[in-house]
Asks: 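Input: one structure, supplied below.
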Amino acid sequence: EKYIYDYTVILKIQKQKDILVIPHKTKMYINKLYKEIAQHRVNNKNTYKTQRWNRGSITTKVQKKPILFSKDNNQEYRGILNKVTKNNIQETAHKIKELYDVAIENDILKMKDIYFDNIVSNIMFVNIYSELYVQLLKNGVDFTDVFEKRIENYYNHFSQLVNYDCEEQYEDFCTQNLKRDRNRCFLKFIVSSIITIIETENIELFTFYKKLFGTILKRLLKMFLDFIKDANNKIKCDEIAEHMNIICKKEQLEMFISKMDTCENKHYTDNVLICIDELKRISELKTNSDMPSLSLRATFILGDIAKQLPENSAFTIA
């Protein structure tokens, strides 16, 4: 009968064989057993690698239907969004379109939420996400319903701003600052998307987005004028002023005016005309008791905005 040995004992003896008093033949036999154990380990490792490789090869050959929201927390879709660059926008839009077409209604809603969450978390890629968004709209991937809800949340954010003590209420202070950054990022995405849309030849496809430029600016102005009349609203007024400054960049105003200066688009420009005149007026306001929430910071920002406004607020109407 073959003797079954314990390999751990052999390994232990192998390490101590030179200090143990044992016959030479025994030492030779121990060396032989040690080599067999070592080879056995190598064989087991190679077999395990081969099995893993075969499993991976079989998996890649299977044609899988995209599963967006399984246990991987939608890793495939997030991965596509995170890899978008200036050079692969059309390719990325095509991949998202494929996922969008096979997704069920609840999963489509999640796709939309994830897209906008990515936007406000990646301020450096706002312009790229804007171009991708417009490309998705052209491809029939419509996120407008969630877009509208996000805009309402954007407006509500201003009324929720609070003056926190950064030392005594540090966590609340940091949380609010994070929300402020995300809100500014969202506005930059909106403006960038509008500019991309009005630059395209098929602007008739985007009625909702063309009117946003004036609609948002008018809404911000109204909130600003309401807040400055009451005390303890300085943080709200300062933040709104910062957002109006984001919209009223000279190059953006010039782009909007030049592209929308037609009879067909006149009803989209009415709010912009009103806002330009109003901004010129309020840029001359001074702090006083009738406007307790108008701060020096806000007046400086409004002054910077006024310098970028067109000299003539009326359109040519070609």
Asks: When you look at N82 and N118, which way does the side-chain hydrogen bond (donor to acceptor under 3.5 Å, both in side chains) test go after all the steps?
Replies: CA-CA 8 Å; N82 290 335; N118 264 44; 3.2 Å; yes

Asks: Quick one, L132 with T92, criterion side-chain contact (heavy atoms from CB on, under 4.5 Å). Give me CA distance, side-chain angles, the key distance, then yes/no.
Replies: CA-CA 8 Å; L132 175 61; T92 303; 4.1 Å; yes

Asks: Taking the side chain as every heavy atom from C-beta outward, state whether Y133 and I89 have any atom pair closer than 4.5 Å.
Replies: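 Answer no - side chains too far apart.
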
Asks: Of all the heavy-atom pairs spanning L137 and F143, show the shortest one and how long it is.
Replies: CD2-N, 4.4 Å

Asks: State, with a plain yes or no, whether a side-chain heavy atom of E148 is found less than 4.5 Å away from one of L212.
Replies: no

Asks: Look at the side-chain heavy atoms of Ile, Leu, Val, Met, Phe, Trp and Tyr, link any pair under 4.5 Å apart, and say whether I114 and F125 land in one connected group.
Replies: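 Hydrophobic grouping puts I114 with F125.
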
Asks: Return the minimal non-hydrogen interatomic distance between C185 and V126, and the atom names on each side.
Replies: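 Smallest interatomic distance, heavy atoms only, reads SG-CG2, 3.4 Å.
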
Asks: Taking the side chain from N183 and the backbone from K179, do they hold a donor-acceptor pair closer than 3.5 Å?
Replies: no

Asks: Cluster question for you: counting only ILVMFWY and a side-chain heavy-atom cut-off of under 4.5 Å, with indirect links fine, are I247 and L253 together?
Replies: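 Yes: a chain of side-chain contacts under 4.5 Å links I247 to L253.
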
Asks: Test side-chain contact (heavy atoms from CB on, under 4.5 Å) on N139 and I96 and set out the steps.
Replies: CA-CA 10 Å; N139 291 356; I96 294 175; over 6 Å; no

Asks: Please list, chain by chain and in numerical order, all residues satisfying side-chain contact (heavy atoms from CB on, under 4.5 Å) with S293, sequence neighbours excluded.
Replies: N233, K234, C237

Asks: Which residues pass the salt bridge (charged side-chain N to carboxylate O under 4.0 Å, His left out) test with E242, not counting sequence neighbours?
Replies: R297

Asks: Rounded to the nearest 0.5 Å, what separation is found between the CD atom of Q176 and the CG atom of L161?
Replies: 5.0 Å

Asks: Give, for atom CD1 of I123 and atom OH of Y129, the distance between the pair rounded to the nearest 0.5 Å.
Replies: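 Reported to 0.5 Å precision, the distance equals 13.0 Å.
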
Asks: Minimum heavy-atom separation for D238 and S295, please, with both atom names.
Replies: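 For D238 versus S295, the nearest heavy atoms are OD1-OG, 2.5 Å.
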
Asks: I'd like to check the side-chain contact (heavy atoms from CB on, under 4.5 Å) partners of D181; sequence neighbours left out, ordered by chain and number.
Replies: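 D181 satisfies side-chain contact (heavy atoms from CB on, under 4.5 Å) with no other residue.
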
Asks: Please report the shortest heavy-atom distance between P310 and K280, naming the atom on each side.
Replies: O-NZ, 2.9 Å

Asks: Could you go through the side-chain contact (heavy atoms from CB on, under 4.5 Å) check for I151 and R219 one step at a time?
Replies: CA-CA 11 Å; I151 290 176; R219 182 80 173 262; over 6 Å; no

Asks: Indicate the atoms forming the closest heavy-atom contact of C248 with L279, along with that distance.
Replies: SG-CD1, 3.6 Å

Asks: Report yes or no: does N232 contribute a side-chain atom to a donor-acceptor pair with the main-chain N or O of N163 at less than 3.5 Å?
Replies: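 Absent.
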
Asks: Under 4.0 Å between a Lys/Arg side-chain N and an Asp/Glu carboxylate O for D145 and K149?
Replies: no

Asks: Report the hydrophobic cluster partners of L178, with the cluster defined as I, L, V, M, F, W, Y residues connected by side-chain heavy atoms closer than 4.5 angstrom, directly or transitively.
Replies: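 Hydrophobic cluster check, L178: no partners found.
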
Asks: Should we say atom OH of Y155 is surrounded by more than 12 heavy atoms from elsewhere, each under 6.0 Å from it?
Replies: yes

Asks: Residues two or more places apart in sequence or in another chain: which of them pass salt bridge (charged side-chain N to carboxylate O under 4.0 Å, His left out) with E239?
Replies: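 Salt bridge (charged side-chain N to carboxylate O under 4.0 Å, His left out) check on E239 returns R180, R184.
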
Asks: Should V162 and I235 count as side-chain neighbours, where that means a heavy-atom distance under 4.5 Å?
Replies: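 In short, these two side chains do not touch, never coming nearer than 4.5 Å.
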
Asks: Under the criterion side-chain hydrogen bond (donor to acceptor under 3.5 Å, both in side chains), I'd like the reasoning laid out for Y209 against T144: C-alpha separation, chi angles, the key distance, then a yes or no.
Replies: CA-CA 9 Å; Y209 296 93; T144 305; 2.8 Å; yes

Asks: Out of curiosity, L187 CG to L220 CG, how far, rounded to the nearest 0.5 Å?
Replies: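 Taking CG in L187 and CG in L220, the distance rounds to 7.0 Å.
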
Asks: Between E278 and R281, is the salt bridge (Lys or Arg N to Asp or Glu O under 4.0 Å) condition met? List the steps.
Replies: CA-CA 5 Å; E278 187 68 2; R281 183 186 71 82; 2.7 Å; yes

Asks: Roughly how far apart are I246 CD1 and I216 CD1, rounded to 0.5 Å?
Replies: 11.0 Å

Asks: With a 4.5 Å heavy-atom cut-off, do I282 and L221 have their side chains touching?
Replies: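 A side-chain contact under 4.5 Å exists here.
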
Asks: Quick one: sort the F147 and F208 rings into parallel, tilted or perpendicular, breaks at 30° and 60°.
Replies: perpendicular

Asks: Linking I/L/V/M/F/W/Y whenever their side-chain heavy atoms sit closer than 4.5 Å, directly or via other members, would I104 and I108 fall into one cluster?
Replies: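 Hydrophobic grouping puts I104 apart from I108.
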
Asks: Looking at CG of L296 and NZ of K286, how far apart are the two atoms once the value is rounded to the nearest 0.5 Å?
Replies: 9.5 Å

Asks: Taking only residues two or more places apart in sequence, or in another chain, which ones meet F213 in a ring pair (Phe, Tyr, Trp, His ring centres under 6.0 Å)?
Replies: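 Expected list: F256.
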
Asks: Say whether, by atom type as modelled, one donor and one acceptor occur between the side chain of S130 and the main chain of F189 under 3.5 angstrom.
Replies: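 It does hold such a pair.
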
Asks: Linking I/L/V/M/F/W/Y whenever their side-chain heavy atoms sit closer than 4.5 Å, directly or via other members, would I274 and I194 fall into one cluster?
Replies: no

Asks: Not counting sequence neighbours, which residues clear side-chain contact (heavy atoms from CB on, under 4.5 Å) with N245? List them please.
Replies: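 Checked N245 against side-chain contact (heavy atoms from CB on, under 4.5 Å); matches are K249, I301, I305, Q308.
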
Asks: Listed by chain and number, what are the side-chain contact (heavy atoms from CB on, under 4.5 Å) partners of V146, not counting sequence neighbours?
Replies: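 Result, side-chain contact (heavy atoms from CB on, under 4.5 Å) vs V146: L109, K112, D113, F116, R150.
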
Asks: Evaluate the criterion side-chain contact (heavy atoms from CB on, under 4.5 Å) for residue pair D107 and L99; output intermediate values, then yes/no.
Replies: CA-CA 10 Å; D107 287 350; L99 296 176; over 6 Å; no

Asks: If you round to the nearest 0.5 Å, how far is OH of Y77 from CE of M111?
Replies: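 It comes to 4.5 Å.
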
Asks: Going by atom types alone, do H94 and Q90 pair a side-chain donor with an acceptor below 3.5 Å?
Replies: no

Asks: My understanding is that only residues two or more places apart in sequence, or in another chain, count here; which of them pass salt bridge (charged side-chain N to carboxylate O under 4.0 Å, His left out) with K86?
Replies: E131

Asks: Are any of the side-chain heavy atoms of Y115 and V141 separated by less than 4.5 Å?
Replies: no

Asks: Under the ring pair (Phe, Tyr, Trp, His ring centres under 6.0 Å) rule, collect the residues that match up with F158, sequence neighbours excluded.
Replies: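 Ring pair (Phe, Tyr, Trp, His ring centres under 6.0 Å) check on F158 returns Y154, H243.
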
Asks: Once salt bridge (charged side-chain N to carboxylate O under 4.0 Å, His left out) is applied, do any residues pair with K222, and if so which ones, sequence neighbours excluded?
Replies: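 Applying salt bridge (charged side-chain N to carboxylate O under 4.0 Å, His left out) to K222 gives D226.
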
Asks: Answer yes or no: are there more than 12 heavy-atom neighbours, outside K97 itself, under 6.0 Å from its atom NZ?
Replies: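 More than 12 heavy atoms, drawn from other residues, nucleotides or ligands, come within 6.0 Å of this atom.
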
Asks: Can you tell if the side chain of L217 reaches within under 4.5 Å of the side chain of V272, non-hydrogen atoms only?
Replies: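 Side chain of L217 against side chain of V272, heavy atoms only: no contact under 4.5 Å found.
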
Asks: Could you give all pairs that pass the salt bridge (charged side-chain N to carboxylate O under 4.0 Å, His left out) test and reach residues 153-171, with sequence neighbours left out?
Replies: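 Qualifying pairs: none.
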
Asks: Check whether any side-chain N or O of S192 sits under 3.5 Å from a backbone N or O of K188 as a donor-acceptor pair, and report yes or no.
Replies: no

Asks: Considering non-hydrogen atoms only, spot the tightest contact between P292 and A231 and give its length.
Replies: CG-N, 3.7 Å

